[in-house]
Number of protein chains: 2
Amino acid sequence: MTTDDSSEDPADGDAAGPEAVERARERVIEAMERSAEIYGLNRSYGRLYGTLFFADDPVSLDELVAESGYAKSTISTAMKDMERLHLVHRRSVPGEGKKAFFEAERDFWTVLQEFLRREVRREIDTMTRALEEAEAALEGVDDERARSDLEKVRDLRRTYERSEQLVGILTGSSVDRLTGLVDRLRRE
Amino acid sequence: MTTDDSSEDPADGDAAGPEAVERARERVIEAMERSAEIYGLNRSYGRLYGTLFFADDPVSLDELVAESGYAKSTISTAMKDMERLHLVHRRSVPGEGKKAFFEAERDFWTVLQEFLRREVRREIDTMTRALEEAEAALEGVDDERARSDLEKVRDLRRTYERSEQLVGILTGSSVDRLTGLVDRLRRE
DNA sequence: CGGAATATTCGGTTGATGCCGAATATACCG
DNA sequence: CGGTATATTCGGCATCAACCGAATATTCCG
């Protein structure tokens with residue numbers, strides 16, 4: 001209970017400003033930690049992404065160590081992982097030797113597209129192959145259970161065909177095209 | 001190395017048929033285990049889902065225990081979890097007392113829609129709130145860093161607005177409408 | 001082609017998760 | 001309103017994943 005509280009006065013800007021900025025960042029970064037969790041990633045990834053998100057220039061590993069408190073090895077692994085997911089990009093700065101710098105990918109559409117291309121597409125392929133093999137095996141069998149299974153397998157294969165088409169549309173279209181599409185659909 | 005191998009002859013149907021059906025099922029169920037993994041679920045969930053997928057009628061906990069070998073408690077938890085994700089439905093059969101039966105949801109569009117409604121929507125809300133708060137806090141600060149952060153926060157908020165619109169479209173449309181939409185887009 | 005700066009890999013440790021079986025709670029039936 | 005059949009919860013063990021720091025590998029520069 002000191003004399004100064006409730007920093008509504010812009011005259012306090014010099015003192016309250018920087019720490020207000022820090023608090024605002026922290027607030028957003030914590031939300032990013034939660035988001036990471038929701039999408040099956042580590043909380044630490046959310047924090048590291050957030051640090052990169054607010055940086056004006058690419059950030060080195062050592063700076064990330066200083067900022068986050070994680071071990072360098074942890075961050076190295078995290079960066080490799082997030083690069084794979086297209087959440088961060090590696091940049092090298094001329095004159096800085098081997099030093100690696102990272103920046104956040106801010107366009108989530110791209111991130112989603114890459115995920116579809118990499119993971120979902122592969123899942124669809126694997127499942128489709130399994131379904132085709134099962135279908136071939138079941139077609140030869142004259143059995144009530146086989147007929148019942150066959151029908152289910154064929155239904156699922158149709159679902160997966162549809163999904164593949166959708167993934168094709170989503171990964172084949174540019175971000176701009178998709179954005180326009182969403183706008184159009186929203187008005188319909 | 002017995003006399004009968006290579007079951008290409010339909011006359012062997014009686015002997016080779018049932019085990020061929022079993023193999024076909026197992027093949028698909030294994031693919032489902034992998035898929036579960038890809039989408040951040042437990043492998044066991046893939047197997048349990050697969051068992052339900054091939055069943056013609058709702059399946060009881062005890063039957064799932066017999067089929068899968070997992071402990072009843074494990075399956076009970078798994079079912080609760082998959083119900084939350086709308087991957088399985090609980091059915092009660094009149095005259096069967098308290099006994100619970102489960103069946104697989106085969107329409108993945110529904111599953112995806114429910115995920116968007118439940119998890120993604122909540123993520124968007126949380127993040128949006130954090131961004132709005134940060135925005136409000138930063139607007140009052142006269143500082144270069146604050147201005148830079150503010151711009152980034154606003155950009156991200158716009159992205160999230162777009163995402164929310166898209167989620168709205170996807171969760172608001174019926175499965176049929178979406179299917180038709182995909183068809184139309186594919187032809188464009 | 002060394003050597004300095006940096007990144008990556010790897011074994012070990014600690015905390016989280018999956019699964020089990022016993023204990024408990026719940027729903028239905030007579 | 002018991003009693004029985006069933007589901008759920010909970011504590012404990014085993015396995016797995018995150019993280020660390022030391023050891024190794026890589027890159028770049030002189």
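Numbers restart at 1 for each chain; the letters A, B, ... are given by sequence-line order, proteins then strands.
OP1 and OP2 of dC19(D) both lie 4.0 Å or more from every side-chain N or O belonging to T77(A). Phosphate contact (OP1/OP2 of dT26(C), side-chain N/O of K98(B), threshold under 4.0 Å): absent. Here K80(B) reaches the OP1 or OP2 of dT9(D): one of its side-chain N or O atoms lies under 4.0 Å away. Between K72(A) and dA7(C) there is a side-chain polar atom (N or O) within less than 4.0 angstrom of OP1 or OP2. Dashed line: the shortest gap from a side-chain N or O of K99(B) to OP1 or OP2 of dA7(D) is not under 4.0 Å. The phosphate of dA7(C) has neither OP1 nor OP2 within less than 4.0 Å of any side-chain N or O from S76(A). Taking side-chain N and O atoms only, T74(A) has a distance below 4.0 Å to OP1 or OP2 of dC20(D).
Between L61(B) atom CG and dT26(C) atom P the separation is 17 Å, expressed in whole Å. Going from atom CZ of R47(B) over to atom C1' of dG18(C) covers 16 Å, rounded to whole Å. Rounding to whole angstrom units, CG of residue D81(A) and C1' of dT8(C) are separated by 14 Å. Separating the CG atom of L64(B) from the C1' atom of dC19(C) is a distance of 16 Å, rounded to the nearest angstrom. Whole-Å rounding puts the E33(A) CD to dA18(D) P distance at 15 Å. Note: CE (M82(B)) to C1' (dA7(D)) measures 16 Å, nearest angstrom. Spacing between atom OH of Y70(B) and atom P of dT8(D) amounts to 19 Å, rounded to whole angstrom units. Counting to the nearest Å, the C1' atom of dA7(C) and the CZ atom of R91(A) are 18 Å from each other.
Nearer to the 5' terminus of DNA chain D, by closest-nucleotide assignment, is the contact made by D62(B) (compared with the other of A71(A) and D62(B)). Nearest-nucleotide positions on DNA chain C for S73(A) and E96(A) put E96(A) closer to the 5' end.
With Y45(A) as reference, D81(A) is the one residue of D81(A), L85(A), V88(A) to meet the side-chain contact (heavy atoms from CB on, under 4.5 Å) rule.
For the atom pair CD of Q165(B) and CG of L170(B), the computed distance is 12.0 Å after rounding to the nearest 0.5 Å.
Between Y160(A) and F108(B), the ring planes are perpendicular. Angles over 60° get that label, and only those under 30° would be called parallel.
Using a 4.0 Å heavy-atom cutoff across all strands shown, S44(A) reaches sugar-phosphate atoms only and no base atom. Nucleic acid contact class of R43(A) (heavy atoms, under 4.0 Å, all strands): none.
Looking only at atom types and distance, the side chain of S35(A) has a donor-acceptor partner in the side chain of E123(B) under 3.5 Å away.
No side-chain donor-acceptor contact under 3.5 Å links E30(B) to the backbone of R27(B).
Side-chain atoms of N42(A) lie closest to dC19(D) of the nucleotides dA22(D), dC20(C), dC19(D).
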